[in-house]
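Structure first, then comments.
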Number of protein chains: 2
Amino acid sequence: MFIEIQTNSSVPIYLQLAQQLIEGIARGELKPGDSLPSVRAFAADLGMNMHTVNKAYHYLEEKEFIQIVAKSGVIIQPNGIPKATAEEKQLLAERIRPLVAEGLVLKLSEEEMVDMVRELVQHIKEGTS
Amino acid sequence: MFIEIQTNSSVPIYLQLAQQLIEGIARGELKPGDSLPSVRAFAADLGMNMHTVNKAYHYLEEKEFIQIVAKSGVIIQPNGIPKATAEEKQLLAERIRPLVAEGLVLKLSEEEMVDMVRELVQHIKEGTS
DNA sequence: GTTTTTGCTCTATAAAATATATAACAAATG
DNA sequence: CATTTGTTATATATTTTATAGAGCAAAAAC
């Protein structure tokens, strides 16, 4: 997993890390049962603090994307990540909503935003920017 | 404009306010040249601080969605809001990207996410939840 | 079986973001 | 002229973010 952190971003670095791990899972580069680096090793690798990596891991654990096994290590959800429940879908929609609204204010058409999503899906699956 | 602020949300209340004003613009309820309440009146109305409303206004001004006329008042961009530049579109896509990635991890198909966006567009235009 | 590694916990510190409160200024508005 | 306006300044408090270092106890590696 290649992780790129932008220190001047308004997105906290623990979140950037979590989001890029999520992309790794979405892309299939991180598969169920795969182990992630220890908080210390990852932190040293990325030039950040142990606690910051730990925070990213717990963020992902809350979403049940990974399992943290105390005093052992961290692995991608071994039984696979179940399909979104109606509630999870609803929560995701609520987070996308303000961005779609902003798109509308910027006079983007429904089709343009749909295309944007389609392109994002491809870019994420390909691992391209 | 009916504004509903959730005090227990992880989204800061100044941002919630700004986002709901954006929806008002997207919906056409707030038209170019329309004036917004004064920071004091709005704050009193919403039960929040003057500076918090001010922060929401400046957030919207930075996006050029509104104009703040010092010592006079605040109006929706009078000449209309121009269509998104390529750069603005790119920035919007970057903000949507982590949400699409999360959708993919939750095994939502491209079509399901496209449908989600289509529904959001309709809900925003109708002013429904 | 000892050493190393592991996530966890605790304490501490610092900066930034969020939110409120109060006051005063100077220009625009009524 | 009095009121309203956004602006600015000071002050305070809480939460979030990020780092630092130390120690614990169990798992893993040797």
Under 3.5 Å, side-chain donor or acceptor atoms of residues 32-39 of chain A against the rest of the protein: list the pairs with distances, not counting sequence neighbours.
from, atom 1, to, atom 2, distance (Å)
A:Asp34, OD2, A:Lys31, N, 2.9
A:Ser38, OG, A:Ala41, N, 3.0

If you look only at distance, which donor and acceptor atoms sit under 3.5 Å apart when one is on a side chain in residues 42-51 of chain A and the other is two or more places apart or in another chain?
from, atom 1, to, atom 2, distance (Å)
A:Asn49, OD1, A:His51, N, 2.8

Show me the donor-acceptor pairs within less than 3.5 Å that the side chains of residues 120-127 of chain A make with the rest of the protein, sequence neighbours left out.
from, atom 1, to, atom 2, distance (Å)
A:Gln122, NE2, B:Glu110, OE1, 3.1
A:Glu126, OE1, A:Thr128, OG1, 3.4

Please tabulate, one pair per line, all N/O donor-acceptor pairs under 3.5 Å involving side-chain atoms of residues 81-94 of chain A, not counting sequence neighbours.
from, atom 1, to, atom 2, distance (Å)
A:Lys83, NZ, B:Glu112, OE1, 2.7
A:Lys83, NZ, B:Glu112, OE2, 2.9
A:Thr85, OG1, A:Glu87, N, 3.4
A:Thr85, OG1, A:Glu88, N, 3.0
A:Glu88, OE1, A:Thr85, N, 2.9
A:Gln90, NE2, A:Glu94, OE2, 3.1

Name each donor-acceptor pair under 3.5 Å that joins a side chain in residues 60-74 of chain B to protein atoms two or more places apart or in another chain, with its distance.
from, atom 1, to, atom 2, distance (Å)
B:Glu61, OE1, B:His58, ND1, 3.4
B:Lys63, NZ, A:Glu102, OE2, 3.0
B:Gln67, NE2, B:Gln77, OE1, 2.8

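Looking at heavy atoms from C-beta onward, B:Ile13 lies out of side-chain contact with B:Leu17 at the 4.5 angstrom threshold. Within the 4.5 Å cutoff, the side chain of A:Met116 has no heavy atoms near those of the B:Val117 side chain. The shortest distance between side-chain heavy atoms of A:Val53 and A:Tyr14 does not fall below 4.5 Å.
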Going 5' to 3' through nucleotides 21-30 of chain D, assign each nucleotide B (protein heavy atom under 4.0 Å from a base atom), S (under 4.0 Å only from sugar-phosphate atoms) or - (no protein heavy atom that close). BBB-BBSS--

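Of all nucleotides in DNA chain C having an atom under 4.0 Å from a heavy atom of chain B, the first and last in 5' to 3' order are C:dT18 to C:dT29.
Listed by first and then second residue, the salt bridge (charged side-chain N to carboxylate O under 4.0 Å, His left out) pairs involving residues 12-27 of chain B are A:Arg97-B:Glu23, B:Arg27-B:Glu29 (not counting sequence neighbours).
Only B:Asn54, B:His58, listed by number, bring a heavy atom of residues 52-61 of chain B to less than 4.0 angstrom from any atom of DNA chain D. Using a 4.0 Å cutoff on non-hydrogen atoms, no part of residues 1-10 of chain A comes near DNA chain C.
Here A:Ser9 pairs with A:Gln6, A:Val11, A:Gln16 under the side-chain contact (heavy atoms from CB on, under 4.5 Å) rule; sequence neighbours left out. For the side-chain contact (heavy atoms from CB on, under 4.5 Å) test, residues two or more places apart in sequence or in another chain that qualify with B:Glu111 are A:Arg118, B:Ser109, B:Val114.
Across all non-hydrogen atoms, the minimal contact from B:Ala26 to A:Ala101 is CB-O, 3.8 Å. Considering every non-hydrogen atom in both B:Ile3 and B:Ile5, the closest pair reads CG2-CD1, 3.8 Å.
We find that OH of A:Tyr14 is positioned 16 Å from C1' of D:dT19, with the value rounded to whole Å.
Of the two residues contacting DNA chain D, namely B:Ser38 and A:Val11, the nearest-nucleotide position lying further toward the 5' end is that of B:Ser38.
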